[in-house]
Amino acid sequence: MDGVLYDSMKYHTLAWKQMMEENGIECSRDEFYLYEGMTGAATIDLIWQREFGKPCEPEKRTALYDYKTKIFKTIGGNEPMPGADRMLRTLCERGIKCVVVTGSGQASLIDNIRKDYPGVFGEGMMVTAHDVTKGKPNPEPYLRGLEKAGVKPEEAIVIENAPLGVRAGVAAGIRTMAVCTGPIPKKNFEDEKAWGIFPSMNEFADVLPLVIDLINSQSPFVVADSNTSTMVVDRLSEQIPFLGELPRCVIPAGDDHKNIHSLTKVWRMLSEDGATRRSTLFCIGGGMVTDLGGFAAATFKRGIDCINVSTTLLGMVDAATGGKTAINLDGLKNEIGVFAMPKDVVIIPETLDTLPEEELLSGYAEMLKTALIADPEMYEALLDIDKYLDDRRLLLPWILRCIETKTGVTTRDPKEKGERKILNFGHTAGHAIESFALINGKPLAHGIAVAHGLLWEMVLSAISEGKDRNGKLASAKLYPFATMLKEHYPAAGVKCTDIDTLISLMRHDKKNASPDRINFTLLNEIGVPQWDMLPTEEEIRSAFEIYGSLTGQG
């Protein structure tokens with residue numbers, strides 16, 4: 001409770017110090033962080049034994065603890081710990097039972113928890129000082145917690161913020177996570193053999209889905225690119241040492257390395273390090289890693305589990321979900337691949353703050369795509385791009401909206417037989433631009449190419465006269481997007497004389513039923529897409545010319 005669910009230890013330590021000093025005992029507040037988890041009676045006895053060579057008399061001990069509680073209620077209160085609600089929500093969403101195990105005997109404990117964390121803790125799912133004969137660091141409190149939850153030690157985790165609590169959890173045979181919400185050095189938790197050590201509850205909440213997946217996976221392996229291996233996997237391994245001990249395949253960064261050579265490297269790691277049909281491959285990185293790793297997992301031993309840990313905005317809103325896996329071939333984007341849904345998708349929000357601006361813009365384009373096909377409200381909000389560049393965490397609600405939208409579409413149409421084709425809006429043109437850049441030795445980030453493809457296909461949506469169209473996008477809708485694109489996105493590096501090459505690349509697009517007609521998803525209006533549209537080549541060329549004039553690329 002205290003220090004995990006509530007940011008209350010600063011008040012408890014002050015109350016302990018005041019009570020002790022009024023009884024002639026000099027002590028520091030930090031000392032009581034070390035005793036956290038013990039019952040109040042045990043803490044008083046420990047100090048009395050040290051100071052006077054004997055335990056405190058029972059009646060006096062009760063009076064002292066009651067007085068300390070009175071001071072605590074006067075000077076402070078139970079402030080919910082920042083991040084604790086997200087942590088509990090993650091556990092509940094995954095069907096994990098939650099039990100409070102505390103050394104406290106406060107009568108108000110149950111009411112506080114029900115008020116601040118409604119619906120999280122079931123009836124009787126609480127172990128207090130009144131339920132045990134021996135408090136922490138004895139394992140009894142956590143063994144009682146296991147009984148209440150009806151689980152075995154290997155089926156549970158402990159979340160603690162005190163070394164004595166960690167010792168109790170470890171002694172009970174449970175994987176124990178330490179969250180440093182007080183001044184206690186990390187080494188104290190290392191000495192107690194914590195399974196993971198996290199600098200704050202918010203940071204623990206960020207990575208808790210990954211922690212759960214690692215614990216639940218048999219024979220896990222890791223694939224990452226050269227950037228995320230150092231910047232993400234190594235850093236996370238400081239908090240979760242187990243992650244750093246796993247077999248890891250590192251692929252050079254960049255979409256040009258999403259090829260058969262890198263794929264073979266992943267297969268070889270799995271084979272040489274003894275992966276089985278029950279193994280799990282954790283793909284930690286952006287879209288290149290999840291595309292490549294997902295394909296490797298789908299094909300190794302006819303398919304093993306894959307968990308995508310997305311570290312880029314593009315991966316969060318697009319590549320990590322939906323089950324599309326692929327590699328490039330001879331400069332052609334995603335030419336070889338399979339549909340294979342990941343077992344789970346994990347998002348680490350803090351990585352948004354580390355992304356270079358081009359990476360952020362790349363993912364932002366996919367968010368704009370989702371808004372254009374499904375959510376006019378989100379589209380209007382995202383046009384204010386400066387707001388989100390200044391504070392990237394503001395993107396989180398829209399990221400979740402994008403994931404929900406894509407998950408819904410891909411669940412209804414997993415193999416892209418119909419509705420799922422709306423997710424290709426902007427991508428027929430975008431992939432052609434991306435492949436053109438790659439062939440010419442000037443690779444362009446996927447999302448940057450898609451951003452330009454969106455405008456090209458918005459123009460096409462406004463001018464195409466196809467007989468099956470149910471509407472046409474109003475031309476006035478082009479200008480706000482074009483202005484945003486020009487002001488914030490790098491140029492695509494294409495000009496009017498490149499149109500023949502771009503159309504030739506489009507003819508290789510997997511969505512085409514015939515090389516004679518290029519298949520598009522077009523917009524009838526914002527939020528109303530129509531798939532399987534076949535504009536004429538003349539319309540495609542005209543739309544490219546208008547796109548060029550809107551962006552200043554002639």
Side-chain angles (χ1 to χ4, degrees), residues 313-314 316-319 321-322 347 352 360-413 416 418-430 447-466 468-489 520-533 535 543 546-547 550-551:
L313 180 58
L314 179 61
M316 292 176 190
V317 300
D318 183 51
T321 59
I347 289 172
L352 289 173
L360 192 78
L361 290 172
S362 190
Y364 203 85
E366 287 288 349
M367 296 184 72
L368 286 163
K369 185 269 312 258
T370 302
L372 283 164
I373 62 173
D375 197 326
E377 177 192 359
M378 178 163 59
Y379 177 65
E380 290 300 322
L382 293 180
L383 283 175
D384 187 7
I385 188 171
D386 288 312
K387 172 182 175 181
Y388 299 103
L389 291 177
D390 290 339
D391 187 352
R392 299 175 180 190
R393 290 292 180 119
L394 294 176
L395 284 170
L396 287 173
W398 299 123
I399 291 172
L400 294 176
R401 184 84 67 89
C402 289
I403 294 171
E404 289 168 3
T405 299
K406 184 169 184 179
T407 300
V409 170
T410 56
T411 299
R412 291 188 294 270
D413 180 18
E416 202 169 334
E419 182 188 5
R420 183 170 179 155
K421 295 178 182 180
I422 67 174
L423 300 175
N424 294 318
F425 180 66
H427 283 61
T428 301
I448 305 298
V450 166
H452 287 274
L454 288 173
L455 180 57
W456 187 350
E457 295 188 22
M458 286 175 74
V459 176
L460 193 55
S461 298
I463 69 170
S464 177
E465 299 285 355
D468 296 324
R469 294 292 305 279
N470 293 329
K472 291 171 67 173
L473 184 67
S475 58
K477 298 292 186 180
L478 304 175
Y479 300 107
F481 189 96
T483 299
M484 182 275 301
L485 186 69
K486 283 180 64 177
E487 290 180 356
H488 292 285
Y489 279 79
F520 288 86
T521 289
L522 298 178
L523 298 179
N524 297 327
E525 57 183 271
I526 303 300
V528 183
Q530 190 174 358
W531 64 85
D532 285 340
M533 295 292 96
I546 297 171
Y547 152 81
L550 288 171
T551 59

Q: Got a second to check how far Ile385's CD1 is from Asp390's CG, nearest 0.5 Å?
A: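 Separation between the atoms: 10.5 Å.
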
Q: Under the side-chain hydrogen bond (donor to acceptor under 3.5 Å, both in side chains) test, which residues partner Lys477, sequence neighbours left out?
A: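 Lys477 satisfies side-chain hydrogen bond (donor to acceptor under 3.5 Å, both in side chains) with no other residue.
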
Q: Where the side chain of His427 meets the backbone of Phe425, is there a donor-acceptor pair that is under 3.5 Å apart?
A: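 Yes; at least one donor-acceptor contact below 3.5 Å.
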
Q: Sub-3.5 Å donor-acceptor pair from the side chain of Tyr547 to the main-chain atoms of Val459, do we have one?
A: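 Such a contact is absent between Tyr547 side chain and Val459 backbone.
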
Q: Output all residues satisfying side chain to side chain contact (heavy atoms under 4.5 Å, CB included) with Thr428, sequence neighbours left out; order by chain, then residue number.
A: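 Once residues adjacent in sequence are excluded, the partners of Thr428 under the side chain to side chain contact (heavy atoms under 4.5 Å, CB included) criterion are Glu457, Met506, Asp509, Lys511, Ile518, Phe520.
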
Q: Is there a side-chain contact between Met533 and Ser464 in this structure, where contact means two heavy atoms from C-beta onward sitting under 4.5 Å apart?
A: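 Result no, sub-4.5 Å side-chain heavy-atom pair not found.
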
Q: When you compare the side chain of Phe481 with that of Leu550, does any pair of heavy atoms fall below 4.5 Å?
A: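 They are not in side-chain contact.
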
Q: Quick check for you: to the nearest 0.5 Å, what is the distance between Leu360 atom CG and Tyr388 atom OH?
A: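 With rounding to 0.5 Å, CG (Leu360) is 12.0 Å from OH (Tyr388).
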
Q: Give, for atom CH2 of Trp456 and atom CG of Leu485, the distance between the pair rounded to the nearest 0.5 Å.
A: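 Output value for this atom pair is 13.5 Å.
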
Q: Can you tell if the side chain of Val409 reaches within under 4.5 Å of the side chain of Arg420, non-hydrogen atoms only?
A: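 Counting from C-beta outward, Val409 and Arg420 do come under 4.5 Å.
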
Q: Side chains of Val528 and Asn470: closer than 4.5 Å at any heavy-atom pair?
A: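 No, side chains not in contact.
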
Q: Using modelled atom types and a 3.5 Å cut-off, is there a donor and acceptor pairing between side-chain atoms of Glu419 and backbone atoms of Arg412?
A: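 No.
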
Q: Do Met367 and Leu313 have side chains that approach each other closer than 4.5 Å (heavy atoms only, starting at C-beta)?
A: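 SC-SC contact between Met367 and Leu313 confirmed.
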
Q: Roughly how far, to the nearest 0.5 Å, is CE of Met316 from CD1 of Ile403?
A: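 Atom-to-atom, Ile403:CD1 and Met316:CE are 8.0 Å apart.
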
Q: For the side chain of Tyr364 and the backbone of Leu382, is there at least one donor-acceptor N/O pair under 3.5 Å apart?
A: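 Side chain of Tyr364 to backbone of Leu382: a pair is present.
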
Q: Any idea which heavy atoms bring Met378 and Thr370 closest together, and the distance?
A: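 Smallest interatomic distance, heavy atoms only, reads CE-CG2, 4.0 Å.
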
Q: Kindly compute the distance separating OH (Tyr379) from CG (Leu383), expressed to the nearest 0.5 Å.
A: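 Here the interatomic distance stands at 4.5 Å.
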
Q: Which atom names give the shortest non-hydrogen contact between Thr410 and Gly322, and what distance separates them?
A: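 Looks like CG2-CA, 3.8 Å.
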
Q: If you look at every heavy atom in Ser362 and Gly447, which pair is closest and at what distance?
A: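 Shortest heavy-atom separation between Ser362 and Gly447 comes out as OG-N, 2.7 Å.
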
Q: Do the non-hydrogen side-chain atoms of Leu396 and Leu400 ever get within less than 4.5 Å of each other?
A: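 A side-chain contact under 4.5 Å is absent here.
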
Q: Holding to side-chain hydrogen bond (donor to acceptor under 3.5 Å, both in side chains), I want the full list of residues that pass it with Lys486, two or more places apart in sequence or in another chain.
A: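 side-chain hydrogen bond (donor to acceptor under 3.5 Å, both in side chains) check on Lys486 returns nothing, list empty.
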
Q: Quick one, Thr405 and Ile373 - any side-chain contact, counting heavy atoms below 4.5 Å?
A: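 They are not in contact (no side-chain heavy atoms under 4.5 Å apart), so the answer is no.
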
Q: List the atom of Arg392, the atom of Leu352, and the distance in Å for their closest heavy-atom pair.
A: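 Reported closest heavy-atom pair: NH1-O, 2.8 Å.
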
Q: Does Glu416 reach the main-chain N or O of Leu423 with its side chain, forming a donor-acceptor pair under 3.5 Å?
A: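 Checking the backbone N and O of Leu423 against the side chain of Glu416, no donor-acceptor pair under 3.5 Å is found.
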
Q: Would you say Leu478 and Leu473 make side-chain contact, with heavy atoms under 4.5 Å?
A: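 Leu478 vs Leu473: side chains touch.
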
Q: My understanding is that only one of Ile463, Leu455, Thr551 makes a side chain to side chain contact (heavy atoms under 4.5 Å, CB included) with Ile546; could you say which?
A: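 Of the listed options, the one satisfying the test is Ile463.
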
Q: Which atom pair, heavy atoms only, marks the closest approach of Pro529 to Thr521?
A: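 Answer, listing the atom of Pro529 first, then Thr521: CB-CG2, 4.0 Å.
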
Q: Would Arg401 and Glu404 satisfy salt bridge (Lys or Arg N to Asp or Glu O under 4.0 Å), going step by step from the backbone distance to the final call?
A: CA-CA 5 Å; Arg401 184 84 67 89; Glu404 289 168 3; 5.2 Å; no

Q: Could you tell me the separation between the OG1 atom of Thr321 and the NZ atom of Lys406, rounded to the nearest 0.5 Å?
A: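 It comes to 4.0 Å.
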
Q: Where do Gly471 and Asn524 come nearest, in terms of heavy atoms and distance?
A: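 Closest approach of Gly471 to Asn524: O-OD1, 3.1 Å.
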
